Protein chains: 2
Amino acid sequence: MATLREVAELAGVSVATASRVLNGSAHPVSSDVRDSVQTAAKTLGYTPSAAAQALKQQRSKIIGVIASDILDPYFAELARGIEIEAAKSGYVTILANANRDPEQERTKFRVLREHQASGIVFCGSDIEGAPGTAELARDVNMAVRAGTRVVALAPRGFDSTKIIIDNVEASYELTRYMLSLGHRRVTFIGGVPGLTAVEQRADGYRRAMFEAQLVPHVVGRTGMRQESGRNAIAGIVAEGSLPEAIVCANDEIAVGVLAYLWTSGYRTPEDVSVAGIGGTRGGAVFGLTTMTLPLVELGGLAARYIASASAQPSVPEPPRFELSIGSTTAKATSGQARSQQFG
Amino acid sequence: MATLREVAELAGVSVATASRVLNGSAHPVSSDVRDSVQTAAKTLGYTPSAAAQALKQQRSKIIGVIASDILDPYFAELARGIEIEAAKSGYVTILANANRDPEQERTKFRVLREHQASGIVFCGSDIEGAPGTAELARDVNMAVRAGTRVVALAPRGFDSTKIIIDNVEASYELTRYMLSLGHRRVTFIGGVPGLTAVEQRADGYRRAMFEAQLVPHVVGRTGMRQESGRNAIAGIVAEGSLPEAIVCANDEIAVGVLAYLWTSGYRTPEDVSVAGIGGTRGGAVFGLTTMTLPLVELGGLAARYIASASAQPSVPEPPRFELSIGSTTAKATSGQARSQQFG
DNA sequence: TTGTACGCGTTATCAG
DNA sequence: CTGATAACGCGTACAA
């Protein structure tokens with residue numbers, strides 16, 4: 001690793017001059033000196049030390065990303081959005097998985113701070129009553145007061161900047177769409193008990209159902225993954241009563257539902273309409289109807305906020321979700337209406 | 001951000017002593033002094049500066065990860081494996097997407113080096129003849145000679161440490177399995193022309209076909225994503241000739257194939273057997289037959305290699321793949337054999 | 001067992 | 001326009 005001093009020596013100038021040339025400082029440098037420094041840097045393969053720069057400037061061009069599960073496309077898309085936008089400003093993202101565990105989040109948060117991250121993004125929401133939540137909140141609040149930029153992209157019980165898509169509304173509108181198709185027996189599948197963002201989606205679903213004077217059914221709250229959806233629908237089928245329509249807590253769950261239905265001989269949307277929430281890449285190939293949340297864009301907003309040069313960057317509005325109508329939902333048929341059992 | 005000196009002052013000791021207490025040095029410190037330093041650190045919320053540590057020790061606890069596409073579960077699993085193992089040794093992973101573009105890889109590689117990463121992992125393979133490949137190789141080779149640990153988890157044309165699963169063999173064995181089921185018209189779907197790892201998989205497929213005295217058919221080389229599989233199989237169906245079995249370049253493609261088949265009224269494995277390569281989480285819910293590559297483990301090996309304390313860590317053997325038989329493959333039926341058209 | 005002092009690579013201030 | 005020099009926060013010889 002060639003250092004600035006080596007470059008300076010080779011170019012026959014001082015380190016100060018070399019620094020001015022190599023970091024795009026506004027300070028004026030004559031063009032011939034500039035050239036000799038640059039050639040020297042090139043021949044030596046000079047790479048500036050981000051560590052030294054961070055030490056000097058009390059701030060490193062690092063954005064920390066705390067995700068629940070990078071294997072979940074929801075978080076992968078957020079991470080990608082953050083990374084793309086961060087790179088545009090010369091920032092780099094440190095990715096940390098925390099498995100929705102406040103203790104792990106606390107550890108990762110600390111490590112990220114040790115690396116002088118300019119900002120830290122929490123991608124997922126918290127789980128009500130999870131042990132360690134209060135301590136995490138304390139740490140975060142302390143960091144925020146100390147000037148670290150912290151952004152939450154989902155509901156969180158600490159005092160960070162928040163850029164949050166309205167989960168209640170997204171789910172409400174999706175459910176309304178299902179009802180507008182004529183379905184009455186609409187079931188909500190999936191989630192993790194206490195996981196705030198998903199509870200909000202369940203709430204939006206319930207509101208739409210109540211308004212239509214229907215009884216909500218929320219089942220299969222065993223996780224956010226494809227298997228959860230598969231297991232939940234398998235249970236429903238085992239009980240003998242397929243609903244007319246299913247709203248899933250996220251796209252992964254919806255794909256799991258589709259997988260079960262298709263491998264079991266059911267058809268969508270003929271036998272049952274299925275929709276997800278998220279709009280992640282995984283649902284597209286199945287023609288999944290979903291409430292698309294602009295996740296890449298959302299991540300980008302967080303990154304831009306953190307990378308912003310201004311001392312008090314304005315908090316961006318969360319992007320608006322949008323209904324993507326696919327081929328897994330259709331109008332209720334008379335046959336479905338006839339076999340109504342609950343609701 | 002409280003500094004070591006502030007802690008030392010509060011505890012009434014020298015920075016040297018504080019340092020020795022707070023970084024787990026072997027140097028002896030009396031227990032009462034130790035206590036006072038620790039309480040001082042706690043009350044001040046002391047966080048060591050990774051930047052200063054990195055600067056001092058000429059090495060930061062960072063592992064750089066260069067992936068092609070974090071939305072592809074293949075890379076997401078590798079990234080997760082790296083991250084889990086890295087965290088165990090107090091390392092942190094910087095994730096960089098490079099879209100299989102050598103120019104971008106070069107940029108990311110440089111940035112990672114600026115951050116004094118102890119090591120850098122290339123997750124994907126290279127594309128033959130892609131512009132910038134030679135320059136990337138030059139940079140990497142230079143870095144390797146300068147002592148940076150570079151690991152490639154797929155075939156690469158530079159002099160890094162390599163931990164690579166045998167793609168030819170994995171694909172060969174999978175194809176052999178398909179043949180053992182009695183299928184003769186076996187098609188290989190997907191890939192990116194020149195993408196080394198996938199060319200190897202195609203080669204393994206071809207070898208198995210040749211040995212069985214069958215004519216190989218490689219089609220749909222338009223990408224590694226679900227849509228690629230969907231489009232490829234759609235094209236095949238449009239031509240009117242469904243093969244008996246399909247080997248896909250990866251699991252994503254296989255899922256795309258399944259999606260098309262199921263939404264078009266075909267059944268697996270009754271109408272056609274489908275298998276993937278990778279063993280990523282996405283295929284599991286569909287009961288996809290696949291050659292499972294232990295990706296999380298593979299990533300972990302790379303991380304352990306980089307985090308290893310020894311000066312010359314031994315290069316680990318790549319983990320062995322394993323056939324996972326699901327419900328998307330079955331023995332050939334007489335009906336399929338009768339309608340044989342090519343091969 | 002504890003403290004002093006230097007330097008890691010950079011940037012910024014101040015002289016020239 | 002250029003150069004010398006003082007930090008930034010930490011680890012570690014070396015001295016006590």
Side-chain angles (χ1 to χ4, degrees), chain A residues 1-38 40-41 44-62 90 111 113-118 146-147, chain B residues 1-38 40-41 44-62 90 110-111 113-118 146-148:
Chain A
M1 293 278 204
T3 75
L4 200 53
R5 196 168 65 189
E6 294 171 322
V7 174
E9 279 174 7
L10 179 58
V13 299
S14 71
V15 284
T17 304
S19 171
R20 293 194 264 251
V21 172
L22 264 23
N23 73 353
S25 138
H27 202 100
V29 177
S30 74
S31 58
D32 51 341
V33 169
R34 183 175 292 275
D35 286 350
S36 67
V37 169
Q38 266 158 352
L44 259 47
Y46 169 71
T47 305
S49 158
Q53 291 178 326
L55 181 59
K56 187 65 196 168
Q57 312 177 147
Q58 305 286 59
R59 180 179 230 239
S60 86
K61 294 198 144 199
I62 289 176
V111 172
R113 295 205 69 214
E114 288 175 6
H115 282 269
Q116 319 278 106
S118 296
Chain B
M1 291 279 204
T3 76
L4 199 53
R5 197 169 64 188
E6 293 171 325
V7 174
E9 279 174 7
L10 180 58
V13 300
S14 71
V15 284
T17 304
S19 172
R20 293 193 266 252
V21 172
L22 262 24
N23 73 354
S25 141
H27 203 99
V29 176
S30 73
S31 58
D32 51 341
V33 169
R34 184 175 293 274
D35 285 351
S36 68
V37 169
Q38 267 158 351
L44 259 48
Y46 170 70
T47 306
S49 157
Q53 290 178 326
L55 183 59
K56 184 69 196 164
Q57 311 175 148
Q58 304 287 59
R59 180 178 232 239
S60 86
K61 292 199 144 197
I62 288 176
R110 199 172 47 69
V111 172
R113 294 205 70 215
E114 287 174 6
H115 282 270
Q116 320 280 105
S118 297
T148 302

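We name chains A, B, ... by the order of the sequence lines, and we start the count at 1 in each one. Every heavy atom of this structure was used, including side-chain atoms; hydrogens, water molecules and symmetry mates were not. Keep in mind that this is a model prediction, so the values were computed, not measured.
Under 4.0 angstrom from either OP1 or OP2 of dG9(D) there lies no side-chain N or O belonging to Q53(B). For the OP1/OP2 pair of dG11(D) and a distance below 4.0 Å, the side-chain nitrogens and oxygens of N23(B) include at least one atom meeting the criterion. For Q58(B), a side-chain nitrogen or oxygen approaches OP1 or OP2 of dG9(C) to under 4.0 Å. Phosphate proximity of dG3(D) to T17(A): present, with a side-chain N or O under 4.0 Å from OP1 or OP2. Put simply, Q57(A) has no side-chain N or O that comes within less than 4.0 Å of OP1 or OP2 on dT10(C). Residue S14(B) has a polar side-chain atom (N or O) positioned under 4.0 Å from OP1 or OP2 of dG3(C).
Contacts of T3(A) with the nucleic acid, taken as non-hydrogen atoms under 4.0 Å apart, involve only primed sugar atoms and P, OP1 or OP2. Using a 4.0 Å heavy-atom distance criterion, S31(B) is classed as making no nucleic acid contact. Residue L55(A) is classed as a base contact, given a heavy-atom separation below 4.0 Å to a base.
Across all their heavy atoms, N23(A) and S25(A) have their closest contact at OD1-N, 3.0 Å. Of all non-hydrogen atoms in A41(A) and L22(A), the two that sit nearest each other are CB-CD2, 4.1 Å.
Here the CD-OG distance, from Q57(B) to S118(B), works out to 10.0 Å after rounding to the nearest 0.5 Å.
Atom CG of D35(A) is separated from atom P of dT2(D) by 11 Å (rounded to the nearest Å). For the pair L22(A) CG and dT10(C) C1', the computed distance is 11 Å after rounding to whole Å. Regarding R59(A), its CZ atom lies at a distance of 24 Å from the P atom of dA7(D), rounded to whole Å. Following rounding to the nearest Å, R34(B) (CZ) and dT1(C) (C1') show an atom-to-atom distance of 11 Å. Atom P of nucleotide dG9(D) and atom CD of Q116(B) are separated by 18 Å, given to the nearest angstrom. Rounded to whole Å, the distance from CD on E114(B) to P on dT10(C) is 10 Å. Taking atom CZ of residue R20(B) and atom C1' of nucleotide dT2(C), one finds them 6 Å apart after rounding to whole Å. The separation between R5(B) atom CZ and dA5(C) atom C1' is 13 Å, rounded to whole Å.
In terms of position along DNA chain C, the nucleotide closest to A16(B) lies nearer the 5' end than the nucleotide closest to the other residue of the pair A16(B) and P48(A). Nearest-nucleotide positions on DNA chain D place D32(A) closer to the 5' end than the other of D32(A) and S19(B).
Considering only side-chain atoms of H27(A), the nucleotide from dT2(D), dA5(C), dT10(C) that sits closest is dT2(D). Here the nucleotide nearest the side chain of L4(B), chosen from dG9(C), dC10(D), dT2(D), is dC10(D). Closest to the side chain of S30(A), from the set dC10(D), dG9(C), dC1(D), is dC1(D). Among dT13(C), dC8(D), dC10(D), the nucleotide with an atom closest to any side-chain atom of K56(A) is dC8(D).
Note on the helix from dT1(C)-dA16(D) to dG16(C)-dC1(D): terminal axis deviation equals 40°, with five pairs used at each end and the result rounded to 10°.
Looking only at side-chain heavy atoms (C-beta outward), S49(B) and Q116(A) come within less than 4.5 Å of each other.
Looking at S60(A), its side chain does come within 3.5 Å of a backbone N or O of H115(A) through a donor-acceptor pair.
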>> Let's go through R34(B) and V37(B) carefully: what are the C-alpha distance in whole Å and the side-chain angles of both, what is the deciding distance for side chain to side chain contact (heavy atoms under 4.5 Å, CB included) to 0.1 Å, and is it a yes or a no?
In response: CA-CA 5 Å; R34(B) 184 175 293 274; V37(B) 169; 6.0 Å; no

